[in-house]
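Only one structure is covered here, and it is reproduced in the block below.
For reference, positions follow the sequence shown, starting with 1.
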Amino acid sequence: MRINGPSDTGERWLLARRSLNDPTDLACFICHTPENTTPAELARVAGARWAIVDTFQTSKGETGLDHYPVCQYTGWYRHITLSMFAQAFLSVIRSKTGARIQAPAIWTDSPCPRSGASSS
């Protein structure tokens, strides 16, 4: 539902999402869109959010996306870039082979040695 009219910078919409598993579970979002965006396009873009969230969760487990203590921007930026490149590489390999590769449990269960969370 549009919650205000067109403006110089676009439109604002109220988007309500209902869970497929539990119809009583509702979530509402305020969205800012370019002018003339259709409700169907808004719903399609909002639905793509879950694929992005899933990708980041997978990157945390498989490529150590969340295993860097932020000390300086340059180091953080390099770590994020390398981690996301590794995730893209794994995704391409997975799509070409049709395999579902899972990270070993040791990658996801143990803290990063540099994070300060380890006992060493």
Side-chain angles (χ1 to χ4, degrees):
M1 172 171 110
R2 187 179 292 124
I3 57 176
N4 69 348
S7 67
D8 293 339
T9 60
E11 302 173 327
R12 293 188 193 271
W13 290 77
L14 176 64
L15 178 68
R17 178 195 54 83
R18 181 184 58 176
S19 171
L20 295 175
N21 297 331
D22 180 9
T24 62
D25 181 20
L26 296 175
C28 296
F29 306 93
I30 294 179
C31 305
H32 186 264
T33 66
E35 285 188 48
N36 303 320
T37 300
T38 64
E41 179 70 7
L42 179 60
R44 186 189 67 75
V45 170
R49 173 182 181 263
W50 298 112
I52 295 166
V53 169
D54 186 47
T55 299
F56 273 100
Q57 282 299 111
T58 302
S59 293
K60 287 179 181 181
E62 291 183 348
T63 63
L65 182 64
D66 60 346
H67 288 196
Y68 182 78
V70 177
C71 298
Q72 292 182 343
Y73 175 79
T74 303
W76 171 83
Y77 186 79
R78 288 176 181 163
H79 176 77
I80 291 289
T81 302
L82 183 59
S83 180
M84 294 307 292
F85 177 75
Q87 181 61 35
F89 175 78
L90 290 173
S91 295
V92 168
I93 296 299
R94 213 176 271 135
S95 71
K96 289 186 184 246
T97 62
R100 291 190 53 84
I101 304 167
Q102 293 186 348
I106 191 168
W107 290 0
T108 57
D109 293 341
S110 65
C112 176
R114 302 174 113 200
S115 69
S118 65
S119 59
S120 53

Quick one: [atom1] on [X] to [atom2] on [Y], what's the gap to the nearest 0.5 Å?
X	Y	atom1	atom2	answer
Leu15	Leu42	CG	CG	5.0 Å
Arg12	Thr33	CZ	OG1	10.0 Å
Arg18	Thr24	CZ	OG1	10.0 Å

Report task. Using modelled atom types only, decide if a donor and an acceptor are shared between the side chain of Ser83 and the backbone of His79 within a distance under 3.5 Å. Result -> no
Verify the cluster assignment for [X] and [Y]: are they in a single hydrophobic cluster under the rule of side-chain heavy atoms below 4.5 Å apart?
X	Y	answer
Tyr77	Leu65	yes
Met84	Trp76	yes
Val45	Val53	no

Query - Atom CZ of Phe29: over 12 foreign heavy atoms under 6.0 Å - result: yes
Query raised in the report: When you look at CG of Leu26, are more than 12 heavy atoms from neighbouring residues, nucleotides or ligands closer to it than 6.0 Å?
Result: yes
Query raised in the report: What are the two closest non-hydrogen atoms of Thr37 and Trp13, and how far apart are they?
Result: O-CZ2, 3.5 Å
Query raised in the report: Quick one: does Gln87's side chain get under 4.5 Å of Ser91's, heavy atoms only?
Result: yes
Requested in this report: Can you run down the salt bridge (Lys or Arg N to Asp or Glu O under 4.0 Å) pairs that involve residues 73-87, sequence neighbours left out, and say none if there aren't any?
Outcome: none
Query - Listed once per pair and sorted, the salt bridge (Lys or Arg N to Asp or Glu O under 4.0 Å) pairs that draw on residues 42-55, sequence neighbours left out - result: Glu41-Arg44
